[in-house]
Amino acid sequence: MKQNVKNAMTIDVEDYFQVSAFEDKFNPKEWDSIVPRVERNTHRLLDLLSDNDGKATFFTLGWVAERFPELVKRISAEGHEVASHGMMHKRATDQSRDTFANDVGDAKKLLEDLTGHQVLGYRAPSFSFTNDNQWVYDVLQEQGYKYSSSVYPVVHDHYGIPGAPRFRYNSHTAIDEVPLSTMRMFGRNIPISGGGYFRLYPYVFTQYAINTFMSKEKEPYIFYLHPWEIDSNQPRVKDISAKTQFRHYLNLKRVERRLIRLLKDYSWSTMADIYGFDKLGTDIQFKGK
Ligand SMILES: [Zn+2]
């Protein structure tokens, strides 16, 4: 039976060739020459959500929104939250303050023009907020965002701030950070928010982790997934390391079936709804001006 407490479903809308693990293989200048799969995969996710009465936040890449405006309009029209994943899927750690400001500013404006709704949230590619680039929150505030969901408080070779708080917290600006979900085990934070781990763990473990999280933490659980993760027929990228191969292609065939179970077992809503970001008062971007 479906649990009534609502958790946050989040989708990072990008194509398979835009992931950070393949950044050396596909130059952004060549993205337009590759047959896209993101549109169809995202429509499929929207169908699955609709069939199972779920709502989600779609952190959408501006590059995708520019090419598939009708997709973004459908996301919004069906009551989901359209949020921002930046324009070009560059890690925050690889950007200067100015390029980051342009990237997140352009994406926000584009998405707002398409939907007619204010974009409240941002998720950094590859959870690339670190202790060394905390200025990102100043920029997000300047650009009119309300929240970020860009920190994974785990030890990982490519991302994460191991000592970061595990639950919603204030950055040094008015921007709230909502970290991805973890479980305490053997004195460490174990990532349980989805993505590659959803493909790695058997569904029963994901279920156990979510149930434990919900009963212990009394905080909303956050799940994330990419459209390419339900696409087992995507072209295989050659000459990649064994680790990247494993991480990107593991269990793709099982994801859709697992996702349907997840949508049936739990209630899902948007970040804005669960955390009330859509009900925040004065527009902080104008504060003090
Ligand atoms: Zn991404």
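These figures come from a predicted structure and were not determined experimentally. Note that ligands are numbered from 1 as they come in the structure, with each ligand's atoms numbered from 1 the same way. In what follows, every heavy atom counts, from backbone to side chain, and hydrogens, waters and symmetry copies are set aside.
- A salt bridge (charged side-chain N to carboxylate O under 4.0 Å, His left out) with Glu229 is found for one member of Arg247, Lys253, Arg199 and no other, namely Arg199.
- We find that Arg258 and Asp265 are not joined by a salt bridge, their nearest charged nitrogen and carboxylate oxygen being 4.0 Å or further apart.
- In this structure Asp138 satisfies the salt bridge (charged side-chain N to carboxylate O under 4.0 Å, His left out) test with no other residue, sequence neighbours excluded.
- Taking the six-membered ring where the residue is Trp, the centroids of Tyr16 and Phe22 are separated by 6.0 Å or more.
- Protein contacts to the Zn ion (ligand 1) involving N, O or S atoms at a distance below 2.8 Å are Glu14 OE1, His85 NE2, His89 NE2.
- Under the salt bridge (charged side-chain N to carboxylate O under 4.0 Å, His left out) criterion, Arg166 pairs with Glu217, not counting sequence neighbours.
- Remark: Arg97 pairs with Glu142 by the salt bridge (charged side-chain N to carboxylate O under 4.0 Å, His left out) rule, at least two apart or across chains.
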